[in-house]
> 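Below you will find the structure I want to go over with you.
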Amino acid sequence: MAGPRKRSALISLLVSDQRGGPQAAILDELRRCLLDGGVPPGTAIPLDEVAQVFGVSRIPVREALKTLIGEGLVEHQPNFGYRVAKLTTHELHELYVVREVLEVAALTAAVARATPQDDVEATATHEALGQAIAAHDVRGYHRDSRRFHLALVRPCGMHRLLAMLESAWNTTEPVQPMAHVSDGAKAEMHRDHGEMLAAFLARDVERLLAAAREHHGRLRASLAALPRHTGLFVDSE
């Protein structure tokens, strides 16, 4: 006789402050869990159990999942249901190329528009990132790395560009690629971050772009070294 079904990792992380909440709240909470990295690619998303957490019917949950399918975070297969989307390794590399192109464009504009408050934010996120590395906090490192990069590009004020950058970034988040790189690689990338911050504070756009391109080259090298048989990626490309 088959044993009890294992509870989905997603259900364990979902938080609902009120029963029967609006669809937007369901969407935001599902997205938060997927981006936080605690739900690996390929994880099943049981429709009925999600609906039970929020105290709603299947309909608003299904509509929220449709939105997340459009964002590349969820996939649906007839007879198999909903799952956290998987990427091929080629798709992961492609998304990092997209991120580099968009980030370089945003950084170019951000330097000219940055304020002292932006300097404070960028410096604070860089310090938090260093603390995560020192504490061997893998999830914290992944989270604060993103916060640091966004702190540098946000002053550009180019909202459509930033939305595209965040979309490309979000699609890679369930994989948590930075959680799989070595401590040595993390230290090298943090030195890159330090160079990027110094150039940003000096408003030296050429130095900043050079540091950003070197950093993205190091990111691609780290991605190439990721293990392929973790179950996080689509088996065939």
Side-chain angles (χ1 to χ4, degrees), residues 5-99 102-103 139 142-147 149-150 153-154 159-180 223 226 230-237:
R5 186 177 63 179
K6 184 178 179 181
R7 192 183 191 197
S8 168
L10 173 64
I11 301 302
S12 302
L13 295 175
L14 286 173
V15 175
S16 177
D17 295 330
Q18 65 181 64
R19 305 288 289 175
Q23 182 183 320
I26 296 171
L27 172 61
D28 287 345
E29 178 60 10
L30 285 169
R31 186 188 290 116
R32 180 194 68 80
C33 289
L34 298 185
L35 296 183
D36 193 47
V39 189
T43 299
I45 303 176
L47 200 62
D48 288 334
E49 292 179 44
V50 174
Q52 185 176 6
V53 169
F54 292 105
V56 297
S57 71
R58 285 182 164 202
I59 295 173
V61 176
R62 190 180 289 115
E63 291 302 311
L65 291 173
K66 284 181 181 178
T67 299
L68 294 173
I69 290 172
E71 295 177 7
L73 290 171
V74 170
E75 57 191 17
H76 179 259
Q77 294 181 340
N79 302 321
F80 289 95
Y82 298 90
R83 293 184 177 275
V84 181
K86 282 187 174 184
L87 298 170
T88 66
T89 55
H90 177 78
E91 288 170 333
L92 181 66
H93 282 268
E94 182 180 355
L95 285 163
Y96 269 77
V97 170
V98 170
R99 278 172 45 178
L102 295 174
E103 184 172 316
R139 295 276 291 278
H142 195 95
R143 179 190 64 245
D144 290 329
S145 178
R146 175 171 178 153
R147 288 181 57 223
H149 281 267
L150 292 180
V153 300
R154 195 173 291 115
H159 301 297
R160 290 182 182 274
L161 188 154
L162 291 175
M164 288 188 289
L165 176 59
E166 290 223 44
S167 177
W169 204 309
N170 286 351
T171 308
T172 68
E173 286 293 67
V175 179
Q176 294 281 290
M178 292 301 99
H180 302 281
L223 292 178
L226 288 180
T230 60
L232 295 176
F233 299 105
V234 176
D235 292 331
S236 60
E237 300 186 7

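Atoms considered below: every heavy atom in the structure, side chains included; atoms not considered: hydrogens, waters and symmetry mates.
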> Mind checking what makes salt bridge (Lys or Arg N to Asp or Glu O under 4.0 Å) contact with E166, not counting sequence neighbours?
R146
> Who are the side-chain contact (heavy atoms from CB on, under 4.5 Å) partners of S57, not counting sequence neighbours?
I59, P60
> Assess the residue pair L65 and V50 against the criterion (side chain to side chain contact (heavy atoms under 4.5 Å, CB included)); give the C-alpha distance rounded to whole Å, side-chain angles, the decisive distance to 0.1 Å, and a yes or no.
CA-CA 11 Å; L65 291 173; V50 174; over 6 Å; no
> Holding to side chain to side chain donor-acceptor pair (under 3.5 Å), I want the full list of residues that pass it with E63, two or more places apart in sequence or in another chain.
K66
> Can you name the residues that form a salt bridge (Lys or Arg N to Asp or Glu O under 4.0 Å) with R99, not counting sequence neighbours?
none
> Measure the CD-OG1 distance between E94 and T88 for me, rounded to the nearest 0.5 Å.
8.0 Å
> For Y96, enumerate each residue passing the ring-ring contact (aromatic ring centres under 6.0 Å, His included) test, keeping only those at least two apart in sequence or located in another chain.
none
> How many angstroms lie between CG in L10 and OG1 in T43, if you round to the nearest 0.5 Å?
8.0 Å
> So does D36 pair up with R143, basic N to acidic O under 4.0 Å?
no
> Look up atom CZ in R160 and atom CG in L165, then write down how far apart they are to the nearest 0.5 Å.
15.5 Å
> Indicate the atoms forming the closest heavy-atom contact of D144 with R147, along with that distance.
OD1-NH1, 2.9 Å
> If I compare all heavy atoms of P174 with all of V84, which pair ends up nearest, and what's the gap?
CB-CG1, 3.9 Å
> Please give me the minimum heavy-atom distance between V61 and A51, naming the atom from each residue.
CG2-CA, 3.8 Å
> Between CG of L30 and CG of L73, what distance do you get to the nearest 0.5 Å?
10.5 Å
> For the atom pair CD (E173) and CG (L34), what is the distance rounded to the nearest 0.5 Å?
11.0 Å
> Looking only at heavy atoms, what is the nearest atom pair of A64 and L27, with distance?
O-CD1, 3.6 Å
> Once rounded to the nearest 0.5 Å, what's the spacing between atom CG of L87 and atom CZ of F233?
7.5 Å
> Under the rule for side-chain contact (heavy atoms from CB on, under 4.5 Å), what residues qualify as partners of A44, not counting sequence neighbours?
R83
> Could I get the full list of side chain to side chain donor-acceptor pair (under 3.5 Å) partners for E71, not counting sequence neighbours?
R31
> Determine which pairs satisfy ring pair (Phe, Tyr, Trp, His ring centres under 6.0 Å) with at least one residue from residues 53-81, sequence neighbours left out, and list them in order.
H76-Y82
> Restricting to side-chain contact (heavy atoms from CB on, under 4.5 Å), what partner residues turn up for A85, sequence neighbours left out?
E75
> Quick check: closest heavy atoms across E91 and K86, and the distance to 0.1 Å?
OE1-O, 4.3 Å
> Return the set of residues passing salt bridge (Lys or Arg N to Asp or Glu O under 4.0 Å) with R62 (not counting sequence neighbours), or none when no residue passes.
none
> List in chain and number order the residues that pass side-chain contact (heavy atoms from CB on, under 4.5 Å) with L161, two or more places apart in sequence or in another chain; answer none if no residue qualifies.
L102, A105, A106, M158
> Could you give all pairs that pass the salt bridge (charged side-chain N to carboxylate O under 4.0 Å, His left out) test and reach residues 38-48, with sequence neighbours left out?
D48-R58
> Heavy atoms, side chains only, cut-off 4.5 Å: are V15 and R32 in contact?
yes
